[in-house]
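Below, each value reflects all heavy atoms present in this structure, side chains not excepted, and no hydrogens, waters or symmetry copies. We count residues from 1, following the sequence as given.
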Amino acid sequence: HLGDPTRALALLEDTQRRAEAGFGAHRWRWGMHVSVYLAETLIALGRPGDALPQIERALAGARATDSAKYVAKAHALRGEIELAAGRWSEAEADFTEALLIAQRIGYPTLTWQCAHALSRALASRAERDRAARGVLERAYGMAQLAAATIQTVADRLTDPALATALRSWSRVRAVHDDLDRLRRR
């Protein structure tokens, strides 16, 4: 997140080794955390093949401990890899699963991120298949959900500077850019 994924990778790999050596009763939770962040870093470095085992590891641990947040995060990360590889159906399935879980547990950050990712996957499929009009409408609906969720989060912030920072974040701006693009189609 600070622009140096190579350095982050080294730190996370060291943290994973230390967590595996023993963090007491919470080793399982640290294992999930670190695996998810390692996967994010490996994806940022363009190494999705290396990220996938970390995702599957986090997913297995999250399912075994009923850690819904990490089940959702793992599905979302796997969806990103599938989307980048052009496996739209698989990406849509993973993003949909992640979104449903995020909504069920009331996790707005993951809700808007998954809705946006699903919107991107659906829009990509619609570009390939011009006859898929309903797909484009669903992509627009997911972009609307992402934007509305962001607005709800921003409205709840008591510090105007935080709300401004959220709205100016590149990931949030991408949601609004995609929503505008889909609105014009």
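Residue Ser35 holds its OG atom at 10.5 Å from CG of Leu42, rounded to the nearest 0.5 Å. Taking CG of Leu77 as the start and CD of Glu82 as the end, the distance is 11.0 Å to the nearest 0.5 Å. Atoms CG and OG1, on Leu157 and Thr164 in that order, are 9.5 Å from each other to the nearest 0.5 Å. Within the model, atoms CG of Leu122 and CD of Glu137 stand 11.5 Å from one another, a figure rounded to the nearest 0.5 Å. Taking CD of Gln151 as the reference point, atom CG of Leu166 lies at 9.0 Å (rounded to 0.5 Å). With rounding to the nearest 0.5 angstrom, the CD atom of Glu40 is 10.0 Å from the CD atom of Glu80.
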Intermediate values then yes/no, side-chain contact (heavy atoms from CB on, under 4.5 Å), Leu99 and Leu145
CA-CA 11 Å; Leu99 176 60; Leu145 173 60; 4.2 Å; yes
Before you tell me yes or no, could you show the steps for Arg138 and Leu118 under side-chain contact (heavy atoms from CB on, under 4.5 Å), namely the whole-Å CA-CA distance, both residues' side-chain angles and the distance that decides it to 0.1 Å?
CA-CA 9 Å; Arg138 186 166 175 233; Leu118 181 55; 3.7 Å; yes
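Taking a cutoff of 4.0 Å between a charged side-chain nitrogen and a carboxylate oxygen, Arg167 and Asp155 qualify as a salt bridge. Ion pairing between a basic and an acidic side chain is recognised when a charged N comes within 4.0 Å of a carboxylate O; Arg78 and Glu56 show such pairing.
Taking hydrophobic clusters as Ile, Leu, Val, Met, Phe, Trp and Tyr residues chained together by side-chain heavy-atom distances below 4.5 Å, Leu83 shares a cluster with Met142. When hydrophobic clusters are built by joining Ile, Leu, Val, Met, Phe, Trp and Tyr residues whose side-chain heavy atoms come closer than 4.5 Å, directly or via intermediates, Leu38 is not grouped with Leu11.
Counting only heavy atoms from C-beta outward, the side chains of His33 and Tyr70 approach each other to under 4.5 Å. Taking the side chain as every heavy atom from C-beta outward, Ile55 and Ile81 approach each other to under 4.5 Å. Within the 4.5 Å cutoff, no side-chain heavy atoms of Lys69 are placed close to those of Met32. Inter-residue side-chain proximity for Thr109 and Val153 is flagged as unmet; no heavy-atom pair is nearer than 4.5 Å. A heavy-atom distance below 4.5 Å is not found between the side chains of Thr152 and Pro108.
Contact detail for Ala44 and Pro5: the closest heavy-atom pair is CB-CB, 4.4 Å. Annotation for Ala139 and Leu182: closest pair O-CD1, 3.7 Å, computed over non-hydrogen atoms. Nearest heavy-atom pair across Ala98 and Ala72 is CB-O, 3.3 Å.
A salt bridge (charged side-chain N to carboxylate O under 4.0 Å, His left out) with Glu92 holds for exactly one of Arg120, Arg125, Arg87; it is Arg125.
Sorted by first and then second residue, the pairs that involve residues 73-129 and meet ring pair (Phe, Tyr, Trp, His ring centres under 6.0 Å), not counting sequence neighbours, are Trp112-Trp169.
Sparse packing is recorded around CZ of Arg156, with 12 or fewer heavy atoms of other residues, nucleotides or ligands lying under 6.0 Å away.
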